[in-house]
There are 2 protein chains.
Amino acid sequence: MNVTGHTRRPASIRDVATAAGVSYQTVSRVINGHPSVRPSTRERVLAAIDELGFRRNATALALASGRSRAVTVLTANTTHYGYASILQGIEEAARAASYAVGIGVLESADDAAVAAEVQRAADAGGGLIVIAYDPAGVRALAAVPDALPVVGVVETPASPPGGDRPWVWTDDREAAYQATRHLLSLGHETVHYVAIPSSTRRTSARTSGWRQALKEAGAPESRPVQSSWGPAGGHAAGLKLASDPSVTAILCGNDDLALGVLRALHETGRSVPGDVSVAGFDNAPHSAFLTPSLTTVRLDFTGLGRSAFALLHGVLEESAQVAPHPVSVPELVVRESSGPPPTSR
Amino acid sequence: MNVTGHTRRPASIRDVATAAGVSYQTVSRVINGHPSVRPSTRERVLAAIDELGFRRNATALALASGRSRAVTVLTANTTHYGYASILQGIEEAARAASYAVGIGVLESADDAAVAAEVQRAADAGGGLIVIAYDPAGVRALAAVPDALPVVGVVETPASPPGGDRPWVWTDDREAAYQATRHLLSLGHETVHYVAIPSSTRRTSARTSGWRQALKEAGAPESRPVQSSWGPAGGHAAGLKLASDPSVTAILCGNDDLALGVLRALHETGRSVPGDVSVAGFDNAPHSAFLTPSLTTVRLDFTGLGRSAFALLHGVLEESAQVAPHPVSVPELVVRESSGPPPTSR
DNA sequence: CTGAAAGCGCTTACAG
DNA sequence: CTGAAAGCGCTTACAG
């Protein structure tokens, strides 16, 4: 509102042109950093821009140029630690590059619902980043039309679900391998695994890293306990495992699951790590403050999100520096929840 | 890509018009549900739309009409439980209304940085929802130009920081009051408070609800321990309080803080709830699975997000049903972490 | 170095 | 009920 109470229309390049005494094409050249503008002209235009508080209309820019400096993140979830951290990383990088970031939640893995969400994301213009850690995400990545610039954040790089699309990933397999080796090295006969939902029907990277470590050690391999993403699922899985007295070490697909497992062991009177050792995954903020504090594997999800954006940025603007996007190395964090197995048995 | 390998330009209303043998204005009428179109004409247009896979270009729509069916959420954080849940609620409601949702993170509360983020959000077009739970959010809400449609998610409705802007809120004061009364009713002489950062210099709603309950009970009032949002802050505050043997009940500004307090009490050998009772705030997913499980107050952040969107939707489209946005009633959830004070003292 | 023209894909009056 | 014109605020060739 201005003083007279009327809503003032934002200044356009024509307003700026009038104020600076040039044509609006010249204003366009100035705001686009075009070289062939006389310095004195540029000064006048810049002064007018400043005076009028001109901001280039992003919608008009997008329509006229076909480029839109926007990215939409497609994800099945926004609150779990891993997903939320990836989103945070993408937003950080996008903001630094002056990109708008949109978000679309895949509420269902149903093909029609996924297709509709992909369409909505495409309508927004710009590029797409799809978090393909679950069936909905995997299907969304596959449903993105070929013409759309897209980057997938995938669980495992072997035959990525996005086909030949660019993708980023963390080495979950290596991380699970490390955590399992840690537990075995403490003297446990074997390690049981409580799994997060898999992105596909195939064995997940975390599961296969766990299996590999067991195999190399010649340890007996049990069936992974399939669970959900949250503490409630971990609790249910924990109760199941607690009923088996031979279980002395449990690796959990994430720290929330581990939280539920710890609770289940407490309820069934098994001490941690005295009777049972527990390890998580992700190094979520709470893991250091649980009692017992949680042994886990740190994964750099925020960095993963930044890398995903950098990759997309490179696809969208040939001029953009495609920063190398190193796969971050998972790092084992040993805390109180893991220790040697009970000696008396 | 089509079979020849060329990227096919998406169909425009002119393409549809040609295919249907009408003018493109008629196509516009059909996609806008304009009544005065002969049924047979409408049929032909609809068939052409279907055949060509036409989708109305959102950018052109926005430029031509001035409306944009988009909302940008401005927030200082996307990962903490309350913030993330509000965002989730907004996204749900926006998706149901076919609105695009954008997100801008306020990394700094610095005036210039906040102003820049508000500008970026305004550039995206559409409406704004500002989460004003912290200084950055409060400043952002205040910095939104009058002409922009905006809804604030505020901590307390008394003299809302957004001035006369529409806002939504949860009754944090009542929630803190309930939790404090619960602890006092168990026989504690008083209740100490570990505070999340306040949105302003004024006393927060949670703090004042706690104070009111103490005052009504004639309980001695201590200074709130100022903390951060996460477990680490709770841990530090917990260590401080644990050093005072007279402390028997602690209310925490959120469940993450409570998690850290529980850990601190464990480290200092105080049992919960035997020696000290602890209550949290928010009913985050992990609170039921901590050991001891956490007494807390449930707040409906997702519903709050949905309400914020409904309110904005009403502002943006006069035609839209402005669903009533009831302030959800906080609900005390009593679990293991609260009990009577130690008898021997 | 700078201006006049055409166009991005739509909508909004204005005719008929 | 339907079509021709003008315009949203920019960019992109095309002139000069």
Side-chain angles (χ1 to χ4, degrees), chain A residues 7-46 48-49 52-70 98 100 122-126 317 319, chain B residues 7-46 48-49 52-70 100 122-126 147 317 319:
Chain A
T7 299
R8 192 157 21 191
R9 182 176 53 76
S12 73
I13 56 172
R14 291 176 214 262
D15 299 323
V16 173
T18 304
V22 298
S23 73
Y24 63 85
Q25 290 88 343
T26 296
V27 176
S28 176
R29 287 192 188 90
V30 170
I31 61 184
N32 285 299
H34 195 92
S36 60
V37 177
R38 197 192 308 166
S40 64
T41 307
R42 178 188 310 280
E43 288 310 315
R44 267 187 298 145
V45 170
L46 255 18
I49 284 176
L52 298 180
F54 167 81
R55 301 216 107 210
R56 177 215 254 135
N57 182 311
T59 302
L61 168 64
L63 183 60
S65 71
R67 306 173 247 115
S68 73
R69 299 185 83 73
S98 297
D123 287 348
E317 308 181 17
S319 59
Chain B
T7 298
R8 192 158 20 193
R9 181 177 54 75
S12 74
I13 54 172
R14 292 178 214 261
D15 299 323
V16 173
T18 304
V22 298
S23 74
Y24 63 85
Q25 290 88 340
T26 296
V27 176
S28 177
R29 287 193 189 90
V30 170
I31 61 184
N32 286 300
H34 195 91
S36 58
V37 177
R38 197 192 309 168
S40 65
T41 307
R42 180 187 310 279
E43 288 311 314
R44 267 187 298 145
V45 170
L46 254 19
I49 284 175
L52 298 180
F54 168 81
R55 299 216 108 211
R56 177 215 254 132
N57 182 310
T59 302
L61 168 64
L63 183 59
S65 73
R67 306 173 247 113
S68 73
R69 298 185 83 74
D123 286 349
E317 309 181 15
S319 59

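Residue numbers begin at 1 in each chain, while the letters A, B, ... track the order of the sequences. What you are looking at is a predicted structure, and each value in this text was computed from that prediction instead of being measured.
- For A:Ser36, the side-chain atoms get nearest to C:dT2 when compared with the rest of D:dC10, C:dG9, C:dT2.
- The two residues A:Ala48 and A:Ala19 make their nearest non-hydrogen contact at CB-CB, 4.0 Å.
- Counting all heavy atoms, side chain and backbone alike, B:Arg42 lies closest to B:His34 at NH2-O, 3.4 Å.
- In terms of position along DNA chain D, the nucleotide closest to B:Gly21 lies nearer the 5' end than the nucleotide closest to the other residue of the pair A:Val27 and B:Gly21.
- The two atoms that bring A:Val22 and A:Val27 nearest to each other are CG2-CG2, 4.0 Å, heavy atoms only.
- We find that CG of B:Asn57 is positioned 13 Å from C1' of C:dT11, with the value rounded to whole Å.
- Taking a pair to require two hydrogen-bonding distances under 3.5 Å in either a Watson-Crick or a G-U wobble arrangement, D:dA4 remains unpaired.
- Note on B:Thr26: a side-chain N or O is less than 4.0 Å away from OP1 or OP2 of D:dG3.
- Note: CG (A:Leu61) to P (C:dG9) measures 15 Å, nearest angstrom.
- C:dC1 atom P lies 9 Å from atom CZ of A:Arg42, rounded to whole Å.
- Closest non-hydrogen pair, A:Val45 versus A:Ala20, comes out as CA-CB, 3.9 Å.
- If you measure from atom CD1 of A:Ile31 to atom C1' of D:dT11, you get 9 Å, rounded to the nearest angstrom.
- D:dA13 makes up no base pair with any nucleotide shown, lacking Watson-Crick or G-U wobble contacts both under 3.5 Å.
- For A:Arg14, counting side-chain heavy atoms from C-beta on, the closest listed nucleotide (C:dT2, C:dT11, D:dC10) is D:dC10.
- Taking 4.0 angstrom as the limit, B:Ser23 places a side-chain polar atom (N or O) nearer than this to OP1 or OP2 of D:dG3.
- Within 4.0 Å (heavy atoms only), B:Thr41 reaches sugar-phosphate atoms of the nucleic acid but no base atom.
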Distances under 3.5 Å between nitrogen or oxygen atoms of protein and nucleotides 12-16 of chain D:
residue: D:dT12; atom: OP1; partner: A:Arg67; partner atom: NH2; Å: 2.4

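- Nucleotide C:dT2 holds its C1' atom 14 Å from the CD1 atom of A:Ile13, rounded to whole Å.
- Using a 4.5 Å heavy-atom cutoff, the side chains of B:Leu46 and B:Ile49 are in contact.
- Between B:Glu43 atom CD and D:dC1 atom P there is a gap of 14 Å when expressed in whole angstrom units.
- Evaluated for a side-chain contact (heavy atoms from CB on, under 4.5 Å) with A:Arg56, the options A:Asn32, A:Val16, A:Ile13 yield exactly one hit, A:Asn32.
- Note: CZ (A:Arg38) to P (C:dT2) measures 5 Å, nearest angstrom.
- Summary of the strand contacts: B:Ser12 and A:Arg44 both lie near DNA chain C, and taking for each the nucleotide with the nearest heavy atom, the more 5' one is attributed to A:Arg44.
- No side-chain heavy atom of A:Asn57 sits under 4.5 Å from any side-chain heavy atom of A:Leu61.
- Rounded to an integer number of Å, the gap from CG of B:Leu63 to C1' of D:dG9 is 6 Å.
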